[in-house]
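Structure first, then comments.
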Amino acid sequence: MRAALIALLGAGLVLGLGVARGAPEDDRKAFQDFYTERFPDTPFEDFANGLYSIDENRREEWEQMEEFPQYEFDIDAGEELFHEPFANGKGYADCFPDYESGVRQNYPHWDPGRAEVVTMELAINLCREQHGEKPLKYYRGPLAQISAYLAYLSRGNVIDVKVPADDPRALAAYEEGKRHYYSRRGQLNFSCASCHVDAVGRLLRAELVGPALGQVSHFPVFRKTWREITTLHRSYAACSRQLRAASFGPQSREYRNLEFFHTYMSNGIPLNGPGSRH
Amino acid sequence: MGRFSETVLAVTIAAASIAGAGSVTSAVAASMIDEGREIALDRRKGNCMACHVIAGATLPGNIGPPLVAMKARFPDKAKLRAQIWDSSQINPRTLMPPFGRHGILTEDEIDKVVEFVHSL
């Protein structure tokens, strides 16, 4: 066990300290190799199932949850909200014309015009603003439900985030997200990688720490403990609190850049949101 | 797993024989140990069981090694204190929070936790 731990920490070292240089593709390869070597029994695409891709017992419980998924209500609610016209007579379909074949795989993406990373949730609110509607709150509620509906229609599409090579600002956003992932912060001095890379598959008290590969594929998630559908940045904030660090706001530049890096690391994983979690 | 458990077992046996040889724990030390246990197992303080198997804690984590046979592992209490005060001095990539350096525990609380852990 000690040897395994040291090997793990060593792997973290390679991943963590290679921060400054290296094209995103080199990062992605090293990141994915780490998990596929650490969990040789998990087929690559199964990492889409997060924690449950590495633990049999929890997987059985989860499969039972998925038989009568609580997020079904949210998909239906999201569908209704999506098709409710705005005051100006337009609707979300005008912003997402391809929604039926799935659009979530196009997010997050670098938007050169806005000079920032646009996530699915931000795009929903930008659509509202464009049509004179007030933005929705980001963690839960109607926006999470619309996001769940769009995720559902995107199931099976493969994550393929791009960092356009011809725009150094896109690479800078990616690098900022990556630095966030590997920087230790907060009173407890953890980074995201401390837990999801170095301690992956281990128990933090009774909680098994899941792999970062595939972590973004099933959002938004219906969390049993929170009893509602919630967005990815709600999980970011919850983990920041585990570090006893201040969390950045939902859809803050920091979290969008973090999502840009975090999702790039899962390129090749099929989308399977929304998901159920404990 | 195997090799590590064997080491733990060997060390546990060694520690047991040391403890048997001379139990001279004073009443003061005993109360330090009790207070240290409370701090170590308090979720808002040490929360050591988040990562370590530790006597008296249910559902422990396993991110760090089990805290057993500590007298044998740390004959020098100062080294044990240093590990708890700021483990990153010993292993820069450690996952263990720097309890002293980041003020998660006070100096006095760390002294008590050291007494408790050393008694394990």
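Note: hydrogens, waters and symmetry copies are ignored here, and every other heavy atom, side chains too, is used. Proteins get letters first, then strands, A, B, ... in listed order; numbering begins at 1 in each.
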CZ on A:Arg184 to NE2 on B:His102, rounded to 0.5 Å
9.5 Å

Give a yes or no on this: more than 12 heavy atoms of other residues, nucleotides or ligands lie within 6.0 Å of atom CD of A:Glu45.
no

How far does CG of A:Asn189 sit from CG of B:Asp86, to the nearest 0.5 angstrom?
8.0 Å

So for atom CD, which belongs to A:Glu207, do other residues, nucleotides or ligands contribute more than 12 heavy atoms lying within a distance under 6.0 Å?
no

Hey, could you give me the CG/CG distance between B:Asn47 and A:Leu204, rounded to the nearest 0.5 Å?
8.0 Å

Taking atom CD as the centre, does B:Glu107 end up with more than 12 heavy-atom neighbours from other residues, nucleotides or ligands that are less than 6.0 angstrom away?
yes

Report the distance from atom CE of B:Met96 to atom OG of A:Ser194, rounding to the nearest 0.5 Å.
14.0 Å

So what's closer than 4.5 Å to chain A heavy atoms on B:Ser88: side chain, backbone, both or neither?
neither

Side chains of B:Ile63 and A:Leu203, heavy atoms from C-beta outward: is any pair under 4.5 Å?
no

Are more than 12 heavy atoms, taken from residues, nucleotides or ligands other than B:Glu38, located less than 6.0 Å from that residue's CD atom?
no

Below 4.5 Å, heavy-atom pairs only: which of B:Cys51, B:Pro60, B:Gly61 has the largest tally toward chain A?
B:Gly61

Mind ranking A:Arg205, A:Gln187, A:Arg244 by heavy-atom pairs under 4.5 Å with chain B and telling me who comes out on top?
A:Arg205

